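In what follows, a structure is listed as structure tokens, so that the remarks can point back to it.
Keep in mind that what you see is a predicted model, and the values were worked out from it rather than measured.
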Amino acid sequence: MNQSWPGGKRPWPKPRQGSGEQNWGRLPGLRVRCIFLAWLGIFAGSWLVYEHYSSYSERCRGHVCQVVICDQYRKGIISGSVCQDLCELHMVEWRTCLSAAPAQQVYSGLWRDKDVTIKCGIEETLDSKVRSDAAPRRELVLFDKPTRGTSIKEFREMTLSFLKANLGDLPSLPALVGQVLLMADFNKDNRVSLAEAKSVWALLQRNEFLLLLSLQEKEHASRLLGYCGDLYLTEGVPHGAWHAAALPPLLRPLLPPALQGALQQWLGPAWPWRAKIAIGLLEFVEELFHGSYGTFYMCETTLANVGYTATYDFKMADLQQVAPEATVRRFLQGRRCEHSADCTYGRDCRAPCDRLMRQCKGDLIQPNLAKVCALLRGYLLPGAPADLREELGTQLRTCTTLSGLASQVEAHHSLVLSHLKTLLWKKISNTKYS
């Protein structure tokens, strides 16, 4: 039944007292908050963009490096196997900047149709502004040895003394000196010119170059391809442990470590490929321990240094933080300390502090293997096959408790490492992943 209303009109319900006033009162405050948040977002975004590009311009100075190197080459002060291609024929193409710090320039590049990594140190020329006298100052500071009149015999002795100081007094060093002289004579004319000697001497001052030279026979270190002065080329940049390049650079600093770890699993290789990479990393630890040219310590054990090839063979992405035992011991010897933190070389090569003597001890608290196993727990356990996870976790935990004491290092470390490699290899052998 239709209900009729007086006058034919339906009356509107009366508004509740104060409801309209409350709504109108809320709107201006809401607008202010939205405007404030939008302004804050724009400000934060602009600041991040500014920080990124100002940092990029400071870190990425490849053009300065090339200008300085080519200036020295044209003056006849330095030479090398890639000088002509770099400075005259312009056959070295600089691509993506990978530098983490201004002092060490790192670029991906192309040379003679090969993907390469270009590395060059320019700390002598990096002040707040690049000065016009940068190149002469670099000549005086870096390319000052050997001096004119130095004989090849004196240069050989000079090189041997340098290697003894940095690698220890090893019977294999004369052979390494021979490699240095062979490399210096890049044009194979059976003589080492002053420019060639200056170049190879400057290269030896670069920690990573010294490591590359010492580990050239090892399959997990990048191969050296050529040099000009103290600029050198190695094999192309290996893939990272997870594809950080898939994320915009401005977002990376904002991601918490837990989320970065989740992205690593999502964007990184499948678990069997990770197992293959891990086996290569464990083999690299073996190579560093009592190799032909002594023992080396990994002093920054992070996933950023874990690289691999297109076939998932492990390659050490950065040797900057790998140090010879002799260098670390020289750093620790007689060093005053209050805590073990005072006895730290690099990022994580730490020795105990003798509180009574207030001096650092010689043995490191954690050996390479223990640090690598701690890294592999986060890299291998997520996504590991169910029938392997428990045993793998147990072995990795045991491995992380190893100490750097000389009494433990020899047999025990080798046994733990062998068990880990065998466990992983059994899981992926006779499959496409092997």
Side-chain angles (χ1 to χ4, degrees), residues 52-53 55-74 78-122 125-126 130 135 183 186-188 196 199-200 202-203 206 208-209 211-213 215-216 218-249 267 269 277 304-320:
H52 171 71
Y53 284 106
S55 169
Y56 181 90
S57 63
E58 185 66 25
R59 285 184 295 109
C60 300
R61 309 291 289 273
H63 61 289
V64 176
C65 193
Q66 184 169 0
V67 166
V68 170
I69 286 290
C70 290
D71 177 71
Q72 304 304 293
Y73 168 65
R74 292 186 185 104
I78 61 172
S79 65
S81 54
V82 300
C83 287
Q84 188 176 28
D85 287 352
L86 177 71
C87 302
E88 295 177 4
L89 303 178
H90 306 290
M91 290 174 60
V92 178
E93 181 182 337
W94 300 64
R95 289 185 168 176
T96 308
C97 174
L98 306 170
S99 309
Q104 180 68 16
Q105 294 297 295
V106 183
Y107 278 75
S108 65
L110 191 69
W111 177 58
R112 295 185 179 179
D113 299 323
K114 293 178 187 173
D115 288 322
V116 296
T117 304
I118 307 167
K119 298 191 176 184
C120 176
I122 55 173
T125 65
L126 282 177
V130 179
M183 182 185 301
F186 72 93
N187 55 8
K188 311 301 179 192
E196 289 171 339
S199 298
V200 80
L203 282 168
R206 303 286 175 203
E208 187 184 36
F209 181 85
L211 269 291
L212 282 173
L213 194 63
L215 299 171
Q216 273 299 284
K218 311 298 183 184
E219 62 175 305
H220 300 303
S222 295
R223 195 162 56 91
L224 189 65
L225 299 177
Y227 67 94
C228 180
D230 71 327
L231 176 149
Y232 57 98
L233 308 184
T234 64
E235 289 175 312
V237 180
H239 298 284
W242 67 289
H243 299 291
L247 293 172
L267 298 173
I277 295 164
N305 292 332
V306 178
Y308 55 88
T309 65
T311 55
Y312 298 94
D313 293 311
F314 170 78
K315 284 282 185 184
M316 191 66 179
D318 185 10
L319 288 170
Q320 285 290 338

For residues 100-111, the salt bridge (charged side-chain N to carboxylate O under 4.0 Å, His left out) pairs (sequence neighbours left out) are none
Checking side-chain contact (heavy atoms from CB on, under 4.5 Å) for the pair Y232/L212: CA distance, chi angles, key distance, verdict?
CA-CA 11 Å; Y232 57 98; L212 282 173; 3.8 Å; yes
Are [X] and [Y] side-chain neighbours, meaning at least one heavy-atom pair lies under 4.5 Å?
X: V106; Y: Q104; answer: yes
X: Y227; Y: L203; answer: yes
X: E208; Y: T234; answer: no
X: Y107; Y: C120; answer: no
X: I118; Y: V92; answer: yes
X: P269; Y: Y308; answer: yes
X: R223; Y: Q216; answer: yes
X: D230; Y: I69; answer: yes

Considering all heavy atoms of both residues, which atom of [X] and which atom of [Y] are nearest to each other, and what is their separation?
X: C83; Y: G229; result: SG-N, 4.4 Å
X: W94; Y: C65; result: CH2-CB, 4.4 Å
X: M316; Y: S222; result: O-OG, 4.1 Å
X: T311; Y: D313; result: OG1-OD2, 2.8 Å
X: G226; Y: S81; result: CA-OG, 3.3 Å
X: Q105; Y: G62; result: OE1-N, 3.3 Å

Would you confirm whether [X], through its side chain, and [Y], through its main-chain N or O, come within 3.5 Å as a donor-acceptor pair?
X: R59; Y: A101; result: no
X: K315; Y: E219; result: yes
X: H220; Y: F314; result: yes

Can you list the steps and then say if E235 with V116 is a side-chain contact (heavy atoms from CB on, under 4.5 Å)?
CA-CA 5 Å; E235 289 175 312; V116 296; over 6 Å; no
Can you tell me how far apart [atom1] ([X]) and [atom2] ([Y]) are? Round to the nearest 0.5 Å.
X: M183; Y: F209; atom1: CE; atom2: CZ; answer: 4.0 Å
X: L98; Y: D318; atom1: CG; atom2: CG; answer: 10.5 Å
X: R206; Y: L319; atom1: CZ; atom2: CG; answer: 15.0 Å
X: L231; Y: I78; atom1: CG; atom2: CD1; answer: 8.5 Å
X: Q72; Y: S79; atom1: CD; atom2: OG; answer: 12.5 Å

W111: which residues meet the ring pair (Phe, Tyr, Trp, His ring centres under 6.0 Å) condition with it, sequence neighbours left out?
none
Can you check whether C70 and C87 have SGs under 2.5 Å apart?
yes
Mind running side-chain contact (heavy atoms from CB on, under 4.5 Å) on M91 and R112 for me, showing each step along the way?
CA-CA 7 Å; M91 290 174 60; R112 295 185 179 179; 4.0 Å; yes
Considering only NZ, NE, NH1 and NH2 on the basic side and carboxylate oxygens on the acidic side, decide whether R74 and E88 come within less than 4.0 Å.
no
Could you please spell out the steps behind the side-chain contact (heavy atoms from CB on, under 4.5 Å) verdict for S108 and D115?
CA-CA 7 Å; S108 65; D115 288 322; over 6 Å; no
